[in-house]
Amino acid sequence: MTTLSGLPDATLPPGFGYRHDQLMVEDVSLGQLASEHGTPLFVYSRAAMLGALAAYQRGLAGRQHLICYAMKANSSLAILQTLVRAGCGLDIVSGGELERALAAGVDPAKVIFSGVGKTRAEMRQALTVGIGCFNVESRAELDVLDEVARGMGRRAPVSVRVNPNVDAQTHPYISTGLKGNKFGIAHEDVIATYRHAATCEGLRVVGIDCHIGSQITQTGPYLDAMDRILDLVEGIEAAGVPIGHIDFGGGLGIDYQGDAPPEADALWKHLLQRLDARGFGDRKIYIEPGRSLVGNAGVCLTEVLYLKPGEHKNFLIVDAAMNDLPRPAMYQAFHRIVPLSPRTGLATTTWDVVGPVCESGDWIGRDRALAVQAGDLLAVMSAGAYCMSMASNYNTRGRAAEVLVDGETATLIRARETAADQFRSERPLPAA
Ligand SMILES: *Cc1c(COP(=O)(O)O)cnc(C)c1O
């Protein structure tokens, strides 16, 4: 894989690179896929996903463990199937995700259910299929789950999500393990919560969990969270409630723009040393990675519609928008943007790359140096996580198509959404 001369940030993630001045995913030309399927188009590398998973599998080799892919990162069925067939369980956050998970063929015993607002109906649905664990986030939820399970003559397997009050040092909107956010049960209330859970006839305590944030690029916060959780496990077990598995959540970051998160296997080498040193080396470990499994395995292809140079800003108007790629608008996130076939002999200009949606928040990249013409194709990199799964129909824009590449083989895994698809469930008024 060659790098692109003149662009200092053109180091591309595994699975992507230029060959004869064409951006490739594995052995397939992205330009070819764009002309075949149109744009905007999401394209994923199977090898990149399985490579990311393999780093966790290496890191946890020889330990009892379960890797539950946090499917909200990208819940397209073929993506789920790819990871499930490679051995993953799934971390779900809604009844809809449970249905997708089952449609993808997951063993329900490998499903864990996270989220602060599970409804009674979702609890019943999950109990009926026999999921592996409910990650409970409040005392009130624990009591409702107990009641629902008793009503069905079942015992719900539960883990309490602990808020370890550690700073993940990431964006405030994706930091979840500090006091003052809505997730988890406060550290000081955890032991009492477990004592209570152990007395509930509708509950069976199976584990403990935490999840401190997302796009974490340092090892320190994970070590801090681990220490806090292990302190709690000692306290809970001293109170007579055995803890089966310990779930350390997800949140490992990816390289969007020179970010340097630890590799999953290196991270787990450190964490397992700490686990062993504290005498918990034989415990069953659960993790819930999302972004780090799929984020850098996907790109979004888009066509340049118009160049709009201006006095203060130059705008590059492309056919992908905030409804396809919501992260910049939501978190001011950065996605690298590169041409599918770099041009020579064209001046490089600094552009704000924006979509057609009627919002000033509809931008995809700011101040990007690109040499492009109308009709050129661009790849928005690192678009495998929290893009398609967050896509909307705002402006009655159909959601993009998706393609999964494996070596030389490209498979359409989602057809482009039509306008008719979008209003199928609406009920127009009778003819006037
Ligand atoms: C979103 C989420 C994850 C996954 O986070 P990533 O940053 O994508 O790895 C894991 N666990 C829970 C409870 C989550 O809400």
Side-chain angles (χ1 to χ4, degrees), residues 49 52-53 55-56 59 66-76 79-80 83 88-94 96-98 101 110-118 122 126 131-138 141 158-164 166 168-178 181-185 207-219 221-222 225 229 245-256 259 261-264 267-268 271 285-298 326-327 330-331 333 382-390:
M49 267 185 272
L53 175 61
Y56 282 104
L66 181 62
I67 301 171
C68 291
Y69 166 54
M71 64 180 275
K72 71 179 191 285
N74 186 321
S75 54
S76 299
I79 303 291
L80 301 182
L83 292 168
C88 286
L90 296 173
D91 178 19
I92 65 168
V93 291
S94 73
E97 283 197 348
L98 178 55
K110 289 178 157 184
V111 171
I112 60 179
F113 193 167
S114 299
V116 292
K118 302 176 194 76
E122 287 173 325
I131 68 160
C133 187
F134 289 85
N135 288 354
V136 173
E137 301 223 15
S138 64
E141 182 194 337
V158 295
S159 159
V160 169
R161 176 167 175 182
V162 175
N163 183 337
V166 301
Q169 298 181 357
T170 181
H171 190 287
Y173 278 17
I174 49 178
S175 180
T176 56
L178 269 178
N181 73 48
K182 69 179 178 181
F183 299 102
I185 289 183
I208 189 167
D209 66 283
C210 70
H211 171 70
I212 57 174
S214 201
Q215 187 53 20
I216 299 166
T217 55
Q218 292 164 25
T219 306
Y222 282 106
I229 294 290
H245 69 257
I246 309 179
D247 178 345
F248 295 101
L252 183 58
I254 61 169
D255 179 7
Y256 285 103
D259 307 288
E263 299 290 332
L267 171 69
W268 274 96
L271 291 175
I285 301 163
Y286 281 26
I287 54 170
E288 309 164 350
R291 185 192 315 271
S292 53
L293 291 181
V294 294
N296 263 334
R327 300 184 59 259
M330 275 184 78
Y331 319 110
S382 310
Y386 302 109
C387 294
M388 192 60 182
S389 58
M390 284 186 167

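Read the numbers this way: they start at 1 and go in the same order the structure lists the ligands and their atoms.
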With heavy atoms of P289 as the reference, note each atom of ligand 1 found under 4.0 Å away.
9 (O)
Spacing of NE2 belonging to H211 relative to CG belonging to D247, to within rounding of 0.5 Å
10.0 Å
Closer than 4.0 Å to some heavy atom of R291 - which atoms of ligand 1 meet that?
6 (P), 8 (O), 9 (O)
What's the spacing between D255 CG and S292 OG if we round to 0.5 Å?
13.0 Å
So which protein heavy atom does atom 5 (O) of ligand 1 come closest to, and at what separation?
H211 CE1, 3.4 Å
Taking only non-hydrogen atoms of F183, do any sit less than 4.0 angstrom from ligand 1?
no
Which atoms of ligand 1 have any heavy atom of E288 under 4.0 Å away?
3 (C), 4 (C), 10 (C), 11 (N), 12 (C), 13 (C)
Looking only at N/O atoms, are S214 and ligand 1 under 3.5 Å apart anywhere?
yes
For E122, enumerate each residue passing the salt bridge (Lys or Arg N to Asp or Glu O under 4.0 Å) test, keeping only those at least two apart in sequence or located in another chain.
none
Would you please name every residue forming a side-chain hydrogen bond (donor to acceptor under 3.5 Å, both in side chains) with S159, sequence neighbours left out?
D209
Which of the atoms in ligand 1, numbered in the order shown and given with their element, are less than 4.0 Å from a heavy-atom of R161?
13 (C)
Looking at ligand 1, is there an atom of it that comes within less than 4.0 Å of some heavy atom belonging to S292?
no
Would K118 pass as a cation-pi partner of F134, given that its NZ or CZ must be under 6.0 Å from the six-membered ring centre and within 45 degrees of the axis?
no
Atom 1 (C) of ligand 1 [closest protein heavy-atom partner, distance rounded to 0.1 Å]
K72 NZ, 1.3 Å
Between CG on residue L271 and CD1 on residue I285, distance to nearest 0.5 Å:
9.0 Å
Taking the side chain as C-beta and beyond, is there a heavy-atom pair between N163 and F183 under 4.5 Å?
no
If you measure from CD1 on I208 to CD1 on I185, what distance do you get to the nearest 0.5 Å?
10.0 Å
SG of C133 to NZ of K110, rounded to nearest 0.5 Å, is 15.5 Å
Sub-3.5 Å N/O-N/O distance, Q215 and ligand 1
no
Heavy atom under 4.0 Å from ligand 1: found in A70's side chain, backbone, both, or neither?
side chain
Pairwise side-chain contact, L252 with Y222, heavy-atom cut-off 4.5 Å (strictly under):
yes
Within the 4.0 Å heavy-atom shell around S114, which atoms of ligand 1 are there?
13 (C)
Any G251 heavy atom less than 4.0 Å from ligand 1
yes
Below 4.0 Å, non-hydrogen atoms only: which portion of D91 touches ligand 1? Side chain, backbone, both or neither.
side chain
Report yes if some N/O of G250 lies less than 3.5 Å from some N/O of ligand 1; otherwise report no.
no
Which atoms of ligand 1 are found less than 4.0 Å from any heavy atom of Y386?
1 (C), 4 (C), 5 (O), 6 (P), 8 (O)
